[in-house]
Amino acid sequence: MKSKAPKPKPLSRFNYTVARQQILDTIRRIPKGKVASYGQVAFAAGWPGRARLVARVLGDVEASDGVIPWQRVINAQGKIAIPKDSPGHRTQIRLLKAEGVVFLNGKVSFERHGWQPGDPSPLLD
DNA sequence: AAACTGACGTGAT
DNA sequence: CATCACGCCAGTT
């Protein structure tokens, strides 16, 4: 059998405004020195399977959203999701290194820095 | 309305 | 480990 069935998800008309707020709140809970993948954030925010929604929200994020530790969200491969050439790419690496995140071969080890929703929520860090 | 575009994820090659 | 192909989702063209 080759079915993959990661179990999509029914769900009906969601509200981008609401979803965005939940996603940003979730990201705010990631402690300094830790990282989470897009899919992980989506799941923790209550939108399983919406990794791309998280990406979109982060892309739209502005100063008006307050302090969002956006740099702590990377892809499931432990790599920076922003295009290599983009200036944001280097910025993200700089910010993460500044908080103690270690890069090995351009990748972050979830084993070492992976955030778990059960961890204490600094809520400010 | 159809096609295209991504700061995604996963399994196969 | 690098690529590719798909699946998925919401916003843009």
Side-chain angles (χ1 to χ4, degrees):
Chain A
M1 192 143 79
K2 71 158 300 177
S3 66
K4 199 172 54 156
K7 60 196 52 54
K9 184 161 198 296
L11 189 60
S12 50
R13 26 152 183 246
F14 83 128
N15 204 313
Y16 182 74
T17 305
V18 174
R20 191 181 80 127
Q21 195 53 63
Q22 300 176 311
I23 288 171
L24 291 181
D25 283 345
T26 298
I27 294 175
R28 269 190 273 263
R29 302 215 314 274
I30 305 174
K32 184 198 306 186
K34 294 289 185 179
V35 297
S37 72
Y38 293 79
Q40 196 182 351
V41 169
F43 190 90
W47 300 99
R50 269 58 174 197
R52 300 194 97 141
L53 174 58
V54 173
R56 164 156 283 295
V57 169
L58 282 176
D60 290 346
V61 113
E62 290 177 18
S64 57
D65 293 312
V67 182
I68 307 296
W70 61 272
Q71 71 273 23
R72 296 170 193 165
V73 185
I74 61 181
N75 69 26
Q77 279 57 242
K79 298 192 291 187
I80 301 300
I82 304 175
K84 188 81 162 73
D85 328 359
S86 171
H89 186 279
R90 285 180 321 196
T91 299
Q92 184 165 17
I93 293 178
R94 176 171 55 70
L95 290 174
L96 287 176
K97 283 185 175 177
E99 13 187 275
V101 174
V102 178
F103 280 81
L104 205 54
N105 296 329
K107 296 197 309 183
V108 175
S109 165
F110 280 99
E111 194 60 52
R112 179 172 161 67
H113 298 289
W115 170 65
Q116 312 219 105
D119 286 347
S121 314
L123 212 57
L124 190 82
D125 204 347

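All values reported here derive from a predicted model rather than from experimental measurement. Here is how names work: the chains are called A, B, and so on, in the same order as the sequence lines, proteins then strands, and each is numbered from 1.
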Task: Atom pair distance, as rounded to whole Å: NZ in A:K79 and P in B:dC8 - done: 12 Å
Open item on the list: Can you tell whether the side chains of A:R20 and A:D65 come within less than 4.0 Å, N to carboxylate O?
Closed with: yes
- [ ] Please name all residues satisfying side chain to side chain donor-acceptor pair (under 3.5 Å) with A:Q22, sequence neighbours left out, ordered by chain then number.
- [x] A:W47
Task: Residue A:Q77, side-chain heavy atoms: nucleotide from B:dT10, C:dG7, B:dA7 that is nearest - done: B:dT10
Task: Residue among A:V18, A:V73, A:V54, A:I68 satisfying side-chain contact (heavy atoms from CB on, under 4.5 Å) with A:I23 - done: A:V54
Task: Residue that, paired with A:W70, satisfies side-chain contact (heavy atoms from CB on, under 4.5 Å) out of A:T91, A:I27, A:L24 - done: A:T91
Open item on the list: I want to verify a distance call: between B:dA7, C:dA10, C:dG7, whose nearest atom is closest to the A:R56 side chain?
Closed with: C:dA10
Task: A:F43 CZ to B:dG9 C1', straight-line distance once rounded to whole Å - done: 14 Å
Task: Interatomic distance, A:I74 CD1 vs B:dA7 P [rounded to whole Å] - done: 16 Å
Open item on the list: I need the NZ-P distance between A:K107 and B:dA7, as an integer number of Å.
Closed with: 20 Å
Task: Rounded distance (Å) that lies between atom C1' of B:dT5 and atom CG of A:D60 - done: 14 Å
Task: Nucleotide nearest A:R52 when distance is taken to its side chain, options C:dC9, C:dA10, B:dA7 - done: C:dC9
TODO: Report yes or no: do A:L95 and A:I30 belong to one cluster of Ile/Leu/Val/Met/Phe/Trp/Tyr joined by side chain heavy-atom distances under 4.5 Å?
DONE: yes
Task: Proximity to DNA chain B (any heavy atom under 4.0 Å), residues of residues 81-91 of chain A only - done: A:A81, A:I82, A:P83
Open item on the list: From C-beta outward on A:A55, which listed nucleotide comes closest to its side chain: B:dA7, C:dC1, C:dA10?
Closed with: B:dA7
Open item on the list: Tell me the interatomic distance from A:Y16, atom OH, to C:dA10, atom P, rounded to whole angstroms.
Closed with: 11 Å
Task: By side-chain contact (heavy atoms from CB on, under 4.5 Å) - contacts of A:Q77 (at least two apart) - done: A:N75, A:K79
TODO: Return the value, rounded to whole Å, for the distance between atom CZ of A:R50 and atom P of B:dT10.
DONE: 15 Å
Task: Under 3.5 Å: donor-acceptor pair, side chain of A:R50, backbone of A:P48 - done: yes
Task: Spacing between A:N105 atom CG and C:dC1 atom C1', to the nearest angstrom - done: 11 Å
